[in-house]
Structure formats: structure tokens, C-alpha cells
Amino acid sequence: MDSGGRILPPEFFDRPVLEVARDLLGRVLVREREGRRLAGRIVELEAYGATRRGQPDLACHAIRGKTRRNASMFGPPGRAYVYLVYGMHHCLNLVCGPEGRAEAVLLRALEPLEGEDVMAALRPGRPRRQWTAGPGRLSAALGLDLGWDGAPLAPPGLWLEEGRPLPASRRGSSPRVGVDYAGPAAAWPWRFLEKGNPHLSRRG
DNA sequence: GTCAAGATTAGT
DNA sequence: CTAATCTTGACG
């Protein structure tokens, strides 16, 4: 089964993060695991690391410079940045912008397309609606952990396919989730989503 | 070395 | 609403 189409190359991610974020809605994330294709349509994500009217993004992990955890964000575009939050949940980001820039998009929700039996097995007891709704759940459903930090977004393993970009008319935005500590940046509308999609981590 | 806090989730 | 759970990063 091939629901995605052509593979998105590293150059796709070598653009301003806000531009890439909007362009990623409707694209397909593919994970090859033990010979099985797990795939989902991107329906919700957030942009991090850009500046707005000259103001720094206080919600970005890289705000205080390069550290052991965020090193991948400073690396070349088209790679994964995976980190652990609250000691138990992994979050998958896609590194954007030129090397040295520290911009990335956090994938927050997918609409399952392929390998649903595997996702179900990785999320025992959970309803289909919840398999990939939320950054932690998404990573769990695809079997992603810290070992994927820094991995190139290319076969084999993890990559993105063209899918169908979402028309702007179906796109929604809102402040990012869980960044109330970020001062002015907490209100910036850098969460992008497909309006009305049932797999969102929460209402748009 | 020590310690507070977190780009979340599940359960009461 | 709150517990869970542990790495990270700031500070000394």
C-alpha cells in the first residue's frame, strides 16, 4: 500500500519553520518497523524556534543555546529531534531551517492510514481515536523513542511522503499547547491543524 | 552534587 | 484535579 507518494527530501525542511509547518499538514509520516509500514496523515503540529516581531520564542527548547538534549535542533534540516517529557513520554520533532538555526516542528497528531493493527498492538486497550492523538501517544503508536533523536528522515525507518497538502481553507491555528510558561510567546498562534479532524489531540 | 520543573497522559 | 516518573539543565 502506498498512501503517501514521493518522499520529501531534506530540502523540503530547509525553509523557515512556519512555512514548513503549514506545508506539512496533510503530508504523510511513514515508519517502517519490523518490515511493516505504519503511516499516518499529519493533522496537527506546532512550530518552534522562529522569532516574531524581533521577539525570541521563549517556548523553544533551544532558547538558551545548544545543550545535550536539543543538539539535534541545531543540526541539518530533515532530521528527527526526539526528547523525553515528564519522564515518560517521547515527542517527535522534525528539524527545519538551515543548519545552526534551531527551528523544528513538533508533530502532535496523525490520522492513521496504514499498519493500524500494529498501532493497536502498541497502544493496548486504547481506542483507535487515541492511538496517534497527542505527541506522546503518536510516538508510542509508532514505536519511537530517544534512539531516534538525530535520525535522518529517510528510508529505512522514518520518513515523510508527499500526501496531499491541506488547502488553506481547511487549516486552523491556535496558541501552542502546554507552553504557558513562555511569556508573550505562549499566545503566538503557532499550532496548526486540520479543522474538525477527529484525531486532534484536543479541540482546535 | 543537588534539585526543581517539564512542548503529557491516564485515572480518580 | 492530580499522580506518575526521570532526564535535563541550572547552579554551586
Side-chain angles (χ1 to χ4, degrees), chain A residues 13 16-18 20-22 24-25 29 40 42-52 55-75 77 79-97 101-110 112 119-151 153 158 172-194 197-204:
Chain A
F13 302 91
V17 67
L18 290 169
V20 178
R22 283 181 276 250
L24 275 171
L25 282 173
L29 177 69
I42 297 174
V43 298
E44 178 185 344
L45 48 67
E46 292 174 349
Y48 285 88
T51 55
R52 182 177 163 99
Q55 302 292 116
D57 180 7
L58 296 182
C60 180
H61 284 168
I63 190 63
R64 303 200 180 194
K66 191 170 179 176
T67 64
R68 176 175 186 129
R69 176 178 66 163
N70 67 26
S72 299
M73 282 190 85
F74 290 83
R79 295 201 187 183
Y81 162 45
V82 181
Y83 67 91
L84 184 65
V85 266
Y86 298 104
M88 58 191 100
H89 303 295
H90 297 283
C91 293
L92 170 65
N93 294 253
L94 311 180
V95 178
C96 299
R101 260 297 201 80
E103 296 183 345
V105 295
L106 167 69
L107 296 190
R108 290 192 57 90
L110 304 178
M119 295 185 199
L122 289 171
R123 306 292 307 148
R126 308 285 163 210
R128 180 180 129 95
R129 184 64 62 76
Q130 290 185 2
W131 292 344
T132 53
R137 291 168 174 169
L138 182 160
S139 297
L142 297 184
L144 299 173
D145 58 24
L146 286 180
W148 288 86
D149 183 40
L153 300 173
L158 185 67
S173 65
S174 81
R176 294 168 294 181
V177 176
V179 297
D180 297 335
Y181 60 83
W188 299 351
W190 287 358
R191 170 180 178 235
F192 303 100
L193 52 90
E194 176 176 34
N197 189 292
H199 296 277
L200 297 180
S201 66
R202 58 179 66 187
R203 286 200 41 135

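A note on names: the letters A, B, ... follow the listed sequences, proteins ahead of strands, and every chain is numbered from 1.
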If I take atom [atom1] from residue [X] and atom [atom2] from residue [Y], how far apart are they, to the nearest 0.5 angstrom?
{"X": "Arg137(A)", "Y": "Arg108(A)", "atom1": "CZ", "atom2": "CZ", "answer": "10.0 Å"}
{"X": "Leu193(A)", "Y": "Glu46(A)", "atom1": "CG", "atom2": "CD", "answer": "9.5 Å"}
{"X": "Leu45(A)", "Y": "Leu94(A)", "atom1": "CG", "atom2": "CG", "answer": "8.0 Å"}
{"X": "Asp149(A)", "Y": "His90(A)", "atom1": "CG", "atom2": "NE2", "answer": "11.0 Å"}

[X] near the nucleic acid: base, sugar-phosphate alone, or nothing, with a heavy-atom cut-off under 4.0 Å?
{"X": "Arg202(A)", "value": "nothing"}
{"X": "Arg69(A)", "value": "sugar-phosphate"}
{"X": "Arg191(A)", "value": "nothing"}

### Task
Can you figure out which of dG9(C), dG6(B), dA7(B) approaches the side chain of Tyr86(A) most closely?
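Comparing dG9(C), dG6(B), dA7(B) against the side chain of Tyr86(A), the answer is dG6(B).
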
### Query
Between dG9(C), dT7(C), dT8(B), which one does the side chain of Val85(A) approach most closely?
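For the Val85(A) side chain, the nearest candidate turns out to be dT8(B).
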
What is the distance from [atom1] of [X] to [atom2] of [N], rounded to the nearest Å?
{"X": "Gln130(A)", "N": "dG11(B)", "atom1": "CD", "atom2": "C1'", "answer": "12 Å"}
{"X": "Leu84(A)", "N": "dT8(B)", "atom1": "CG", "atom2": "P", "answer": "12 Å"}
{"X": "Arg137(A)", "N": "dT8(B)", "atom1": "CZ", "atom2": "P", "answer": "12 Å"}
{"X": "Arg64(A)", "N": "dA10(C)", "atom1": "CZ", "atom2": "C1'", "answer": "8 Å"}
{"X": "Trp131(A)", "N": "dA10(B)", "atom1": "CH2", "atom2": "C1'", "answer": "18 Å"}
{"X": "Tyr181(A)", "N": "dA4(B)", "atom1": "OH", "atom2": "C1'", "answer": "15 Å"}
{"X": "Phe192(A)", "N": "dA7(B)", "atom1": "CZ", "atom2": "P", "answer": "19 Å"}
{"X": "Asn93(A)", "N": "dA7(B)", "atom1": "CG", "atom2": "P", "answer": "11 Å"}

Give every donor-acceptor pair under 3.5 Å between a side-chain atom in residues 82-89 of chain A and any protein atom, sequence neighbours left out.
none

### Task
Report the residue (Leu146(A) or Met88(A)) whose heavy-atom-nearest nucleotide on DNA chain C is the more 5′ of the two.
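Per heavy-atom nearest nucleotide, the more 5' residue is Met88(A).
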
### Query
When you check the phosphate oxygens OP1 and OP2 of dT9(B), does a side-chain N or O of His89(A) lie under 4.0 Å from one of them?
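Checking dT9(B) against His89(A), no side-chain N or O comes under 4.0 Å of OP1 or OP2.
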
### Query
Would you say a side-chain N or O of Arg176(A) is under 4.0 Å from OP1 or OP2 of dT8(B)?
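Result: no.
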
### Query
Dot-bracket for DNA chain B: what is it, with Watson-Crick or G-U pairs under 3.5 Å, [ ] where a pair crosses earlier ones, and | for a pair to another strand?
||||||.||||.

### side chain to side chain contact (heavy atoms under 4.5 Å, CB included) partners of Ala59(A), counting only residues at least two apart
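Partners of Ala59(A) under the side chain to side chain contact (heavy atoms under 4.5 Å, CB included) test: Tyr48(A), Asp57(A), Arg176(A), Val179(A), Tyr181(A), Ala182(A).
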
### Message
Would you say CZ of Arg52(A) has more than 12 non-hydrogen atoms from neighbouring residues, nucleotides or ligands within 6.0 angstrom?
### Response
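Yes.
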
### Task
State whether the aromatic ring of Tyr83(A) stacks on the base of dA7(B), taking stacking to mean ring centres under 5.5 Å apart and ring planes under 30° to each other.
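It does not: the ring fails the test against the base of dA7(B).
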
### Task
Pick the C1' atom in dT2(C) and in dA5(B), then give their distance to the nearest Å.
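Between the two C1' atoms, the distance is 16 Å.
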
### Non-hydrogen atoms of Glu44(A) and Arg202(A) that approach each other most closely
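What the structure gives for the nearest pair is OE1-N, 4.4 Å.
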
